[in-house]
Chemist: 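Have a look at this one.
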Number of protein chains: 2
Amino acid sequence: MLQDNAIVKHMAVPGQHYGAAESAKDHTIRLKADETIYSEGEYAFAIYQVEAGAVRIYRLTPSGQRYILSFCGKGEWFGLETGNVRTDFAEAVCDARITPFRANRNAVVPVDLLNIALTNLAKAQHKQLVITEQSALKRVAAFVHEMADGHPGDCEFDMMMSRSDIADYLGITVETVARCFTKLREKRILCLKGRLQRVVRLLDRDALISLTI
Amino acid sequence: MLQDNAIVKHMAVPGQHYGAAESAKDHTIRLKADETIYSEGEYAFAIYQVEAGAVRIYRLTPSGQRYILSFCGKGEWFGLETGNVRTDFAEAVCDARITPFRANRNAVVPVDLLNIALTNLAKAQHKQLVITEQSALKRVAAFVHEMADGHPGDCEFDMMMSRSDIADYLGITVETVARCFTKLREKRILCLKGRLQRVVRLLDRDALISLTI
DNA sequence: CGGGCCTTTGATCCTCGTCAATGACAGTGG
DNA sequence: CCACTGTCATTGACGAGGATCAAAGGCCCG
């Protein structure tokens, strides 16, 4: 397994951290909203760190349904796979900047891959809990909570994702997402602003959290 | 993050494979059904490989709901965490044998932690797809499919898990699980045997797979 | 024989998916 | 400037699927 993995084969040198010897860090890439970073089936030659904006990682089911596995915000890593072929798609949610880390010949990778893998595993497990156990309202509340965590100390922030993104992330429909946001508004837990209603002003963080439990 | 992780700190030496220098492999542990391996909050000092039987990894929500993150069968690894404290529980599903790999002082770990982490991540992502996108019948079909994959070439096998285990794994109720098994029987996709109806005889593998799509 | 555990089945309620329509806003072309 | 179109969010009506509550049957064990 490991031997077949292009990224891991060349890059797996944990213990080395950013700034190590010969860096495999490339220049930052600037992306427009919805721009594709990589697609399923492509050869995986790099992992990425988000510098600004957000990225969605998703799969398409045989029936064409999109399922968003995760959103990656500032500082988060994506693109680390088991094999050397992409199993999912990566796109910019909005205008974004990302930094690729390629496997150069003999280059030491300045990142801790194990730590990235474990962090992403923990993220995936947490999402399992959210999705499985909870009602639509709780899922949306958990999503808002997750977004709020990405903006610590800020009671107003832009989610950037469309209702459709949120729906495909939480495994519910756009209509249900909209209804849940309406309920959160009615409960005076948040306000929505902006033309697309994607800017959240958090009114009652405690009530939000208590919903997710 | 990495520095706080007892397991990773001492064991993270990928590139070294089984059989390397000074092994941290311990003796096999024999477990009775439902025996606890570790609990949430405990200090994490080892990872484990399943030799025989099956193990369930689960969390308890604040409301006391059990949510099973994964079942680990023969050959699979569990217990690799981001931090040095257990975030979940591990129990034997049935009588089982597991091998712990501890962090000895200066011991080289004979396993590839990154590979384990990535495999578990892929498992978690696949489970997200199953749980999110599909109806109860599809979830149960996917579960049976997963179990069947653990017994390649065998059209009859023991699932070992109770209906309650399956329910908590798939995020549905016991009653729904039972109804779905009834439907699968009615569709002549499988038979159930044994006192507890946990032995599956697969009659139509193709039909089962086509259900999960 | 009686009690406990597990599974199954039935009846009812409620949440969410589906279908349909509306409104707000941006961009385009006349 | 205005009509037209497209996109996105919201809301309503309806129906299906699963949760919940309740009960019964099989099997093991005391």
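Numbered from 1 within each chain, the chains take letters A, B, ... in sequence-line order.
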Chemist: Tell me: CD1 of B:I172 to P of D:dT20, nearest whole Å?
Modeler: 12 Å

Chemist: Any donor-acceptor pair under 3.5 Å linking the side-chain atoms of A:Q125 with those of B:R59?
Modeler: yes

Chemist: Can you check whether B:T173 has a side-chain N or O nearer than 4.0 Å to OP1 or OP2 of D:dA19?
Modeler: yes

Chemist: For B:R139, answer base if it contacts any base atom (sugar-phosphate contacts may also be present), sugar-phosphate if it contacts only those atoms, and nothing otherwise; contact means non-hydrogen atoms under 4.0 Å.
Modeler: nothing

Chemist: Please tell me if B:T176 has a side-chain N or O lying less than 4.0 Å from either OP1 or OP2 of D:dA19.
Modeler: yes

Chemist: Would you say a side-chain N or O of A:T182 is under 4.0 Å from OP1 or OP2 of D:dT11?
Modeler: yes

Chemist: Is any side-chain nitrogen or oxygen of B:R198 closer than 4.0 Å to OP1 or OP2 of C:dT7?
Modeler: yes

Chemist: Checking contacts here: which listed nucleotide (D:dG18, C:dC6, C:dC16) is nearest the side-chain heavy atoms of B:S135?
Modeler: D:dG18

Chemist: Between the base of D:dC27 and the side chain of B:Q197, is there any donor-acceptor pair under 3.5 Å?
Modeler: no

Chemist: What about B:R179: does its side chain form a donor-acceptor pair under 3.5 Å with the base of C:dG10?
Modeler: yes

Chemist: Between C1' on C:dC5 and CG on B:L196, what's the gap in Å once rounded to a whole number?
Modeler: 9 Å

Chemist: What orientation do B:Y48 and B:F78 show, parallel under 30°, tilted 30 to 60°, or perpendicular over 60°?
Modeler: parallel

Chemist: Both conditions, 6.0 Å and 45 degrees, for the charged tip of A:R163 above the ring of A:F181: are they met here?
Modeler: yes

Chemist: B:L192 side chain: which of D:dG18, C:dT8, D:dT11 is closest?
Modeler: C:dT8

Chemist: How close or far is atom P of D:dT10 from atom CD of A:E186, stated in whole angstroms?
Modeler: 12 Å

Chemist: To the nearest Å, how far apart are A:D168 CG and D:dC8 P?
Modeler: 12 Å

Chemist: May I have the distance from B:E175 (atom CD) to D:dG17 (atom P), rounded to whole angstrom?
Modeler: 18 Å

Chemist: Check the distance between D:dT10's C1' and A:R163's CZ and give it to me in whole angstrom.
Modeler: 9 Å

Chemist: If we check side-chain hydrogen bond (donor to acceptor under 3.5 Å, both in side chains) with B:T99, which of these qualifies: B:H27, B:E51, B:Q49?
Modeler: B:E51

Chemist: Is there a side-chain contact between B:R86 and B:E81 in this structure, where contact means two heavy atoms from C-beta onward sitting under 4.5 Å apart?
Modeler: yes

Chemist: Write down the distance between NZ (A:K183) and C1' (D:dG12), rounded to a whole number of angstrom.
Modeler: 14 Å

Chemist: Would you say A:R195 reaches D:dC8's phosphate, i.e. side-chain N/O to OP1/OP2 under 4.0 Å?
Modeler: no

Chemist: Whole Å only: how far is the CG atom of B:D34 from the P atom of C:dC5?
Modeler: 13 Å

